[in-house]
**Student:** 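Got a structure for you, questions after.
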Amino acid sequence: MTKPIERYNPRVEEPRWQKAWADARSFEVSNDDPRQRYYVLEMFPYPSGRIHMGHVRNYAMGDVLARYKRARGFNVLHPMGWDAFGLPAENAAKQTGSHPKTWTYANIDAMRTQFKTMGLSFDWSREFATCDVDYYQRQQKLFLDFLAAGLVTRKKSKVNWDPVDETVLANEQVIDGRGWRSGAIVEQRELTQWFFKISDYSEDLLAAIDGLEGWPDKVRTMQRNWIGKSEGLRLLFEMLPSAATAATSIEVFTTRPDTIFGASFIALSPDHPLATELAAADPALRDFIAEFHRHGTATETIEKAEKLGHFTGLFVKHPVKPGATLPVYVANFVLMDYGTGAIFGCPAHDQRDLDFARKYDLDVIPVVLPDDADPAAFAVGDEAYVGPGRIYHSEFLDELSVDDAKREIANYFGARQVGNRPQGVVETNYRLRDWGISRQRYWGCPIPVIHCDVHGAVPVPDADLPVKLPDDVTFDRPGNPLDHHPTWKHVACPICGEPARRETDTMDTFVDSSWYFARFTEPHAADPTVPAIANAWLPVDQYIGGVEHAILHLLYSRFFARAMRKTGHLGMDEPFKGMFTQGMVVHETYRDQSGDWVLPVDVALEGMGDSRRAKHATSGAPIEIGSIEKMSKSKKNVVDPDEIVRTYGADTARWFMLSDSPPERDVQWTEAGIEGAGRFQQRVWKLVHEAIEIEEMSASSETPAAEIEGIRKLIHRAAQAVGEGIEGLRFNSAVAQIYELSNGLAKFATTLEAAPTANGAAALSEGVAKLVQLIAPMMPHLAETCWVALGKPGMVADAAWPDVDPALLVDDTVAMAVQVNGKRRGEITVPKGSSNAVVEKEALSLDAVARMLDGKPPRKVIIVPDRIVNVVI
RNA sequence: GCGGGCGUGAUGGAAUGGUAGACAUACGGGACUUAAAAUCCCGAGGGGGUAUCCCCGUGCCGGUUCGAGUCCGGCCGCCCGCACCA
C-alpha cells in the first residue's frame, strides 16, 4: 500500500447523503408510475418522543426490503406516520401540564429527526399522524358509513373498567385480569358502549386465514384460536315444576351432545338470569354469587383449581332417560357470555365437570370407551377421558364413534319438541366478541354522534364533519375532559334542532391503526380513500412488525378491510399479503449491590465465560450480571440509538441489527457486536480504495483465466444469494454472503497488490462495485460514498440491482463426498454429470476406500449424481 | 391444562434427507509497534496419534433409511400464545 487510506467517517457522510436523497426526492413515489408496485410497510410507532433499538431493527428490515425492491425496478411505497392518539399524552398533561397536542407533536418532531438520521427510505411526503384532524375526520366518516351499513351497534354491556386509567378496556386489552397498559386490576362495570360488529365476520375472518400464505403459521394459529370456533348443540332441558320460578326449561350449549347419557348435573353461570331470579329468594345463593363477583376475572388464574357450586333445589328431566332427573347448580366455572351461560355436566368426559362431581359427590358415568379398553374394566378416576372411542352405556348411540354419535343425537333432539321449539338445534359458537370501541378519554377520535332525548343517538351529518376535539381542556380531575368541558358537548339535534348532547366517548386507538395503511396510498384525499388508488396498492406486499400485535391489530385491520369494502372504500378483504413478525432486541441486565438497575453504559465488563465480572464504570463498585431480557426502561437494559448513531453511525447500527440473528428471533445487543459491524464498514471502505489503486497500477502480467473465473463466480454467486436472502427476509444469511464476498475480494486484492494484472484489476473492480450495490440496502450511506469513489454515475440508490450471469452459477466439475457405510472417507472431483460408472470407479480407487474394502467387492454403491457416493461394505 | 415453536462449538447462528459447525463475535498464537490501539496472517467441536490417521459428536432414548441436525415415536428442558369457551 503506497499511501494510508483515510478512515470512513460516517458522521460526515451520513448527513450528507440524507440531504442528497431528500433534495433529489429519491423516495417519493407517484401513484401514476406505471412500473409494478410494491408496498412495504412497517408498523407505525407511537410517538413516545424517542426511538428505541426495537424501532431501529424493525425499520432497518423494512428499509432493506424497500431499497432492494427499488433496485429491482419496482415502484415502491414505503411510508411512515404516527399512531399518535392515546393515553400517554394525557398522562403527560396531568404530570407536566403540557397539552396532549403540544406534547404529541413535539414528540413526533423529535422522532422524525431521529428517524432521518437512520437513513430510512421513507416517502416523507405521505406522512401523517392519526391525531391530525385531517386523518380523524376521515375516520369519523368511516364510522358513520359503518353505522349506516349496520356494522356498528350500541349496547349495554358489562365492561372491563381500568380504575387507574379510568377507561374501558376491550377483552383483548385485559391481560391476566390487568389493564394492558396500566397494569391495574380490572373491575367489572355496566356501561352503554359503541361496538363494531366484528363478530358478524367471525366465520369469514376464520376461513380466510387459510389463504394468508404469506403469514407466519404462528400468527395464523393465534388468530384461529382467538376466533375460537366450536360446533355444538343448543339443548333444552325441561324443568320439574318448582315454586321458586316460573321458568319451565333451561337451555344449555354443548359440544359433546354425544355424552348426554353420561350427564349428571346442570350448571348455570352465576350471571345467568335464572340464577339472579333464584337468588332473590335464596340468601345463600346470593352470597355465593356475590363471592363469585368479588373474585371476578381478576384472580381467575389463582383460583382455577377450585370448582365451586351451589345447589338451587331445582331439577330437570333427563332428556333421554325417562323418569331420571338431574340437579341444577349454579357454578363458578360457567361463563355467562359464552354459549347460553348454562351447561350439562358429563363428569366422565370433561375435566372440569369431573372435578365438580367429585367435590359434590355426583355420578360419574363413562359413555365413551377408548378403542382398546375393556368395557368391563374401564373406569374414570381423577382424569376425565376426552379422547376418541366408541359410545357405550348409551342405548341407541351404542357402538357409534364420537362424531357419528354427535350427528345422531343432534338429529334425535332436532326432531323432538319442548314447548313449541325443537329440543336441540345445531349451533356454531365463536369466542370472538364484538369490538367495544368507546373510551372515556379526551385524546382520541371523537365518536361522531349526538344524543337527543327524542331521536336517540343521531349520526352527525357528513357535512358537519369533522367533530373536532376542543383545545381548551383541563386534566386536573379524573374522568373524561370532554365530559367536563363547559360547552363542547352541548349542540342541537341534527333532526329536530332541540338541545342535545354530543357523544363524549372517543374511539379506541386500535381503530386509528386499522386503516392507516390504506390512507397512505392517497394521504391527502378528501375521502378516506380513493378506491382506485388504494386498490392498486393494496394489499400491503410485506408488513413487518412485532408479534405483540399478532392478534388484535391484525384482526381489527382485517375486519376494517371487510367493512371498508362493504362501504365502498376498498376493494379487498385482506389488507396484508405478507406478514412478518420480527424478534425483540434484548440485552443483559445489571444491578448494583443495593439492587438498583444500572445502565449498560455505566458498566465495565471484564473476563469471559464463567469468569465474566462487571463493575461500575466510574465508581468501580461490583455489579451483578443478570438475565438477558427485552430492552426496557424499567430495567435500564437499554441502549440509546442516538448514542449509537453518534458513535458508530447509522449504517453500523443497521448492519449489526441485520447481521446477528435471524430476523424472527430475538437479537442480543452487544458492544462487541456493534464494534465488529463498525470494523466491517471500514474494511469495505479500505477494499474500495485498494481496488482503485490496483486499477491505477501498471500491469506486467496476466492472472490465469481460471483464477479470474473463480473470482467472478464468487461475485455472481454472492449477488444471487444476497438477492435470495433479502427476498426471503433472511437478512442474516444475506449478510454472511456479503462477508464471504468481501473476504474473497480482499484476499484477491492482496495478491494483485504484489503482482498487478489488468484482467485481475478489472475483475476486482467488478467485484467491488457489485459488493457496494449488495450492501447498499443495508448500509446505504457507505454505499453511496463508495459509489462516488468508484467513479460510478448517479446514486447507488437509483442503480439497478446487479445482474447475475447464470453461466457463472454452475460449475464444470463437482466435488463429490465419498462415504463408506454412511461415513465420509474422502472426496473425488469429477466433471459435472459424470456417469455412475465413472464416479464409482473413481470412488473405489480412493486410498481410504480401497483400504476399507480390503480387496473385497462392495455390497452396494449408492450414487446421487453430482452430490455424493456411498459405498456399502 | 391446551396450542405452537425451539434445543447444533465459548457466543449469535449456517446446513433442498447427502462432506455438521458457513459467516460473525469472543478467544489463543504470530507479524507490525518503544508500547498499546488499529490492521494483517495463522489456529481452533471433544479426545487420541501429534503429518496427511483414527474414535466420539447437533438435549436424551428408540425407529425409518445406503445415509438423519433434518423424517417418525417416546422422554427431558426452555420460550411464546391462550387459558374454566362446555
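Chain letters run A, B, ... following the sequence lines, proteins first, then strands; residues in each count from 1.
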**Student:** Both distances below 3.5 Å, Watson-Crick or wobble geometry, any strand: find the nucleotide opposite C82(B).
**Tutor:** G1(B)

**Student:** In whole Å, I'd like the distance from the CZ atom of Arg256(A) to the C1' atom of C84(B).
**Tutor:** 17 Å

**Student:** I'd like to know if Lys307(A) reaches the base of C84(B) with its side chain, counting only an N/O donor and acceptor under 3.5 Å.
**Tutor:** yes

**Student:** Report the distance from atom CZ of Phe356(A) to atom P of C84(B), rounded to the nearest whole Å.
**Tutor:** 17 Å

**Student:** Can you tell me, in whole Å, how much space there is between the P of G18(B) and that of G67(B)?
**Tutor:** 15 Å

**Student:** Does G9(B) count as syn, meaning its glycosidic angle lies within 90° of 0, or as anti?
**Tutor:** syn

**Student:** Using the C1' atom as the point on both nucleotides, what is the distance between G46(B) and G21(B), in whole Å?
**Tutor:** 13 Å

**Student:** When rounded to the nearest Å, what value does the distance between P atoms of U58(B) and G4(B) take?
**Tutor:** 27 Å

**Student:** Classify the nucleic acid contact of Asn743(A) as base, sugar-phosphate or nothing, counting any heavy atom under 4.0 Å across all strands shown.
**Tutor:** sugar-phosphate

**Student:** Who does G45(B) pair with, Watson-Crick or G-U, both distances under 3.5 Å?
**Tutor:** C56(B)

**Student:** Both distances below 3.5 Å, Watson-Crick or wobble geometry, any strand: find the nucleotide opposite U19(B).
**Tutor:** none

**Student:** Restricting to non-hydrogen atoms, name the atom on His716(A) and the atom on Leu809(A) that form the minimum distance, rounded to 0.1 Å.
**Tutor:** O-CD2, 3.8 Å

**Student:** Now, which nucleotide makes the Watson-Crick or G-U wobble pair with C32(B), with each of the two distances under 3.5 Å?
**Tutor:** none

**Student:** Taking atom P in both C78(B) and A15(B), compute the distance separating them and give it to the nearest angstrom.
**Tutor:** 27 Å

**Student:** Closer than 4.0 Å, any side-chain N/O of Lys823(A) to the OP1 or OP2 of C56(B)?
**Tutor:** yes

**Student:** Calculate the interatomic distance between Ile674(A) atom CD1 and A26(B) atom P; express it in whole Å.
**Tutor:** 12 Å

**Student:** Looking only at atom P, what distance separates C79(B) and A68(B), rounded to whole Å?
**Tutor:** 32 Å

**Student:** Which part of the nucleic acid, if any, lies within reach of Arg825(A) when heavy atoms closer than 4.0 Å are counted: base, sugar-phosphate only, or nothing?
**Tutor:** sugar-phosphate

**Student:** Just wondering, do Val219(A) and Leu212(A) contact through their side chains at under 4.5 Å, heavy atoms?
**Tutor:** no

**Student:** Starting at CG of Leu714(A) and ending at P of A22(B), how long is that distance when rounded to a whole Å?
**Tutor:** 17 Å

**Student:** Between G69(B) and A31(B), how far apart are the two C1' atoms, rounded to whole Å?
**Tutor:** 39 Å

**Student:** Does A22(B) have OP1 or OP2 sitting under 4.0 Å from an N or O in the side chain of Tyr739(A)?
**Tutor:** no

**Student:** Touch check for Arg859(A), heavy atoms < 4.0 angstrom, all strands: base, sugar-phosphate only, or nothing?
**Tutor:** nothing

**Student:** Please give the distance between the P atoms of A37(B) and G28(B) as a whole number of Å.
**Tutor:** 11 Å

**Student:** Nearest to the side chain of Asp350(A) - C82(B), C40(B), A86(B)?
**Tutor:** A86(B)

**Student:** Does a side-chain N or O of Arg431(A) approach OP1 or OP2 of A83(B) to a distance below 4.0 Å, or not?
**Tutor:** yes

**Student:** Specify the residue among Met222(A) and Ala342(A) whose closest nucleotide of RNA chain B lies further upstream toward the 5′ end.
**Tutor:** Met222(A)

**Student:** Please figure out whether Asn429(A) or Arg679(A) has its closest RNA chain B nucleotide nearer the 5' end.
**Tutor:** Arg679(A)

**Student:** To the nearest Å, how far apart are Gln681(A) CD and U25(B) P?
**Tutor:** 14 Å

**Student:** For the side chain of Arg683(A), starting at C-beta, report the closest nucleotide among C40(B), C84(B), A83(B).
**Tutor:** C40(B)

**Student:** Can you tell which of C23(B), A26(B), A86(B) lies closest to the side chain of Ala672(A)?
**Tutor:** A26(B)

**Student:** Side chains of Gln737(A) and Leu774(A), heavy atoms from C-beta outward: is any pair under 4.5 Å?
**Tutor:** no

**Student:** Among residues at least two apart in sequence or on other chains, which ones pass ring pair (Phe, Tyr, Trp, His ring centres under 6.0 Å) with Phe680(A)?
**Tutor:** Trp655(A), Tyr739(A)

**Student:** Roughly how many Å is it from CD1 in Ile551(A) to C1' in C80(B), rounded to a whole number?
**Tutor:** 11 Å

**Student:** Across nucleotides 11-19 of chain B, 5' to 3', mark each nucleotide with B, S or - according to how protein heavy atoms within less than 4.0 Å reach it.
**Tutor:** -SSS-B-BB

**Student:** If you define the side chain from C-beta out and look only at heavy atoms, does anything of Trp226(A) sit under 4.5 Å from Leu554(A)?
**Tutor:** no

**Student:** In whole angstrom, give the distance that lies between atom CZ of Phe344(A) and atom P of A86(B).
**Tutor:** 13 Å

**Student:** Over how many whole Å does the gap from Gln223(A) atom CD to G3(B) atom P extend?
**Tutor:** 20 Å

**Student:** Counting only Watson-Crick pairs (N1-N3 plus N6-O4 or O6-N4) and G-U wobbles (N1-O2, O6-N3), all under 3.5 Å, who is the partner of A38(B)?
**Tutor:** none

**Student:** In the structure shown, which nucleotide is the Watson-Crick or G-U wobble counterpart of U11(B), with both distances under 3.5 Å?
**Tutor:** A24(B)

**Student:** Do Ile343(A) and Thr254(A) make a side-chain contact, defined as non-hydrogen atoms from C-beta onward lying under 4.5 Å apart?
**Tutor:** no

**Student:** Any donor-acceptor pair under 3.5 Å linking the side-chain atoms of Asp434(A) with those of Ser199(A)?
**Tutor:** yes

**Student:** Could you report the tightest heavy-atom contact between Arg431(A) and Asn225(A), atom names first, then the distance?
**Tutor:** NE-O, 3.5 Å

**Student:** Checking ring pair (Phe, Tyr, Trp, His ring centres under 6.0 Å) against Phe265(A), which of Phe344(A), Phe356(A), Tyr360(A) comes through?
**Tutor:** Phe356(A)

**Student:** Any salt bridge linking Arg256(A) with Asp350(A)? Criterion: basic side-chain nitrogen under 4.0 Å from a carboxylate oxygen.
**Tutor:** no

**Student:** How far does the C1' atom of A38(B) sit from the matching atom of U50(B), given to the nearest Å?
**Tutor:** 36 Å

